[in-house]
Amino acid sequence: MERLDKILSSTGRWSRKEVKELIRMGRVTVDGVPAGSPEDKANRNGSDIRVDGERIPVDRYTYIMLHKPAGLVSATEDPREPTVLSLLPEHLQKIGLFPAGRLDKDTVGLLLLTNDGALAHDLLSPKKHVDKTYLVRTERDLDAADVRAFQEGMTLADGYRCLPAALELQGEGEALVTLHEGKYHQIKRMCAARGKPVVFLKRLTFGPLMLDENLAPGEWRELTGEERQSLDCRHVVRPLGE
Ligand code: URA
């Protein structure tokens with residue numbers, strides 16, 4: 001059980017002061033009963049908390065799938081460039097969301113935003129080898145020799161030896177690359193090492209998550225229960241309320 005004002009203000013929609021005022025005006029109910037005080041206790045997971053009759057989602061953590069467009073940086077703040085957070089409504093910019101991993105400014109596709117630090121840590125841990133699949137277009141077409149080089153684990157210009165990666169040729173100058181690690185500019189550096197610079201890069205999957213085709217670049221939605229469950233199956237999300 002937690003204080004009602006703390007729960008409601010953690011949604012980013014209202015400050016503690018505003019919550020106090022809403023409660024004073026009788027606009028907040030908990031399980032159908034008007035709240036009497038900001039200090040009333042409620043249960044994030046079990047209680048039906050409403051403001052003006054609208055049920056307010058009060059999960060401790062938020063998980064957002066974003067179709068990142070080109071031109072935004074994968075960060076929470078940047079002195080010069082607009083960040084991916086600028087695509088979210090104001091209240092979601094105030095609840096500590098951050099991108100779980102980075103896509104380059106010119107890379108598009110699936111980006112997970114969350115305020116669940118432990119989950120992000122697990123997903124990004126080099127030990128977990130969470131797979132990521134990208135659609136890539138290169139200046140010159142990738143071929144069977146590149147497939148073998150990716151499979152064998154190639155060495156980059158700086159001497160880094162990559163883990164074996166899957167390269168599937170798709171025709172028409174496109175290929176799918178699946179990485180089991182995530183080093184800085186990795187795909188660009190791998191393709192450059194083959195003499196075939198990347199001209200377009202889009203992330204399609206991140207662990208068990210697949211980019212929702214209904215999301216246009218710049219659009220986002222919360223993960224479905226099933227998607228969250230799929231992260232659970234990998235033992236990377238702790239139960240709600242922990
Ligand atoms: N590899 C890259 O080179 N860039 C990205 O944004 C992601 C993977």
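Bear in mind the structure is a predicted one, so any value in this text is a computation, not a measurement. Just so you know, ligand 1 is whichever comes first in the structure, and atom 1 is the first atom listed for that ligand.
Within ligand 1, the atoms closer than 4.0 Å to a non-hydrogen atom of His185 are 1 (N), 2 (C), 3 (O), numbered from 1 in the order shown. Distances below 4.0 Å separate heavy atoms of Thr107 from the following atoms of ligand 1: 4 (N), 5 (C), 6 (O).
Checked against a 3.5 angstrom limit, the closest N/O atoms of Asp104 and ligand 1 fall inside it. Between Arg102 and ligand 1, no pair of N/O atoms sits closer than 3.5 Å.
In this structure, Lys196 does not pair ionically with Glu139, as no charged nitrogen and carboxylate oxygen lie closer than 4.0 Å. The existence of a salt bridge linking Glu222 and Arg228 is excluded, since no basic side-chain nitrogen approaches an acidic carboxylate oxygen closer than 4.0 Å. The existence of a salt bridge linking Arg3 and Asp40 is excluded, since no basic side-chain nitrogen approaches an acidic carboxylate oxygen closer than 4.0 Å. Between Lys128 and Asp122 there is a salt bridge, since at least one side-chain N of the basic residue sits less than 4.0 Å from a carboxylate O of the acidic one.
Residue-ligand proximity: Tyr134 is placed with a non-hydrogen atom under 4.0 Å from ligand 1.
The proximity of Val198 to ligand 1, defined as any non-hydrogen pair under 4.0 Å, does not occur for either the backbone or the side chain. Residue contacts with ligand 1 for Ile187 involve both N, CA, C or O and side-chain atoms from C-beta outward (heavy atoms, distance under 4.0 Å).
Annotation for Phe98: hydrophobic cluster partners, listed by chain and number, are none (ILVMFWY side-chain heavy atoms under 4.5 Å, direct or chained).
By the side-chain hydrogen bond (donor to acceptor under 3.5 Å, both in side chains) test, Lys41 pairs with no residue at all, sequence neighbours left out.
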